[in-house]
Amino acid sequence: QVQLVESGGGLVQSGGSLRLSCTASGSDFSRAVVGWYRQAVEEQRELVSILYHSGGIQYADSVKGRFTISRDNAKNSLYLQMNSLKPEDTAVYLCYVFNPDTLNAYWGQGTQVTVSS
């Protein structure tokens with residue numbers, strides 16, 4: 001079974017930066033669609049960024065120019081560099097992996113990001 005473990009969340013003031021990491025076991029990022037989602041209290045889960053196996057990248061309008069998604073296939077790891085953080089970025093951030101061979105999707109447990117004003 002695929003297991004995803006996130007790290008790097010925490011408390012930061014407005015304008016600060018954080019880097020989130022996600023490491024997968026039992027998964028090959030080179031063939032997977034990977035991404036980051038976030039879910040704030042009382043709100044639905046939303047896509048932050050997605051990275052296709054072909055290299056294509058998509059960002060939510062709210063994070064364009066501030067967040068950068070990247071991957072290291074040798075380490076089976078996914079990253080999200082978050083700069084110029086705003087209070088509205090406060091949420092639980094979840095790592096996502098989609099296996100195109102099995103059509104199975106996997107989620108990490110999530111890491112809390114809190115941005116103070």
Closest approach of Val48 to Val63 (non-hydrogen atoms, all atoms of both residues): O-CG2, 3.7 Å
Can you give me the closest heavy-atom contact between Val97 and Ala32, atom names plus distance? CG1-CB, 3.8 Å
Do Val41 and Leu85 sit in one hydrophobic cluster, given that two such residues count as connected whenever their side-chain heavy atoms are within less than 4.5 Å of each other, even indirectly? no
Return the OG to CZ distance between Ser7 and Arg19, rounded to the nearest 0.5 Å. 8.5 Å
Taking all non-hydrogen atoms of both residues into account, name the closest pair between His53 and Ser30 and its distance. CB-O, 3.6 Å
Please answer whether the main-chain N or O of Gln109 pairs with a side-chain N or O of Glu6 as donor and acceptor at a distance below 3.5 Å. yes
Run the numbers on Ser17 and Asn83 for side chain to side chain donor-acceptor pair (under 3.5 Å), then give the verdict. CA-CA 4 Å; Ser17 299; Asn83 298 325; 2.9 Å; yes
For the pair Phe67 and Tyr93, name the ring-plane relationship: parallel under 30°, tilted 30 to 60°, perpendicular over 60°. tilted
Atom pair OG/NZ of Ser62 and Lys86 - distance to nearest 0.5 Å: 8.0 Å
For residues Val33 and Leu47: do they belong to one hydrophobic cluster (side chain heavy atoms under 4.5 Å, members Ile, Leu, Val, Met, Phe, Trp, Tyr)? yes
Step through the shown structure and confirm whether more than 12 heavy atoms of other residues, nucleotides or ligands are within 6.0 Å of CD on Gln13. no
Any chance you could lay out the salt bridge (charged side-chain N to carboxylate O under 4.0 Å, His left out) test for Lys64 and Asp61, step after step, and finish with the verdict? CA-CA 5 Å; Lys64 287 181 179 177; Asp61 289 340; 3.1 Å; yes
Shared hydrophobic cluster for Ile57 and Val34 (ILVMFWY, side-chain gaps under 4.5 Å): yes
Do Trp36 and Leu20 have side chains that approach each other closer than 4.5 Å (heavy atoms only, starting at C-beta)? yes
At their closest point, which heavy atom of Cys95 faces which heavy atom of Leu78, and how far apart are they? SG-CD2, 3.9 Å
What's the separation between atom CZ in Phe98 and atom CD1 in Ile50, rounded to the nearest 0.5 Å? 9.5 Å
dist Leu80:CG -> Ser21:OG (nearest 0.5 Å) comes out at 9.5 Å
Answer with yes or no whether the hydrophobic clustering places Met82 together with Tyr79; edges join I, L, V, M, F, W, Y residues whose side-chain heavy atoms lie under 4.5 Å apart. no
Side-chain donor or acceptor of Thr111 paired with backbone N/O of Gly9 under 3.5 Å: yes
Is Val115 close to Ser14 at the side-chain level, that is, under 4.5 Å between some pair of heavy atoms? yes
For Asn99 and Asp101, work out which heavy atoms get closest and say how close. OD1-N, 2.8 Å
Measure the shortest side-chain to side-chain distance between Arg38 and Asp89 over non-hydrogen atoms and say whether it is less than 4.5 angstrom. yes
How many angstroms lie between atom CG of Leu94 and atom SG of Cys22, to the nearest 0.5 angstrom? 9.5 Å
Hey, what do you get for OH (Tyr96) to OH (Tyr106), rounding to the nearest 0.5 Å? 11.0 Å
Around atom CD of Glu46, are there more than 12 heavy atoms of other residues, nucleotides or ligands at under 6.0 Å? yes
Donor-acceptor check, side chain of Ser49 to backbone of Gln58, threshold 3.5 angstrom: yes or no? yes
Crowding at CZ, Arg31 (>12 non-hydrogen neighbours, <6.0 Å): no
Among Val92, Thr90, Leu18, side-chain contact (heavy atoms from CB on, under 4.5 Å) partner for Val113: Leu18
Residues Lys75 and Thr23: closest non-hydrogen pair is O-CG2, 4.1 Å
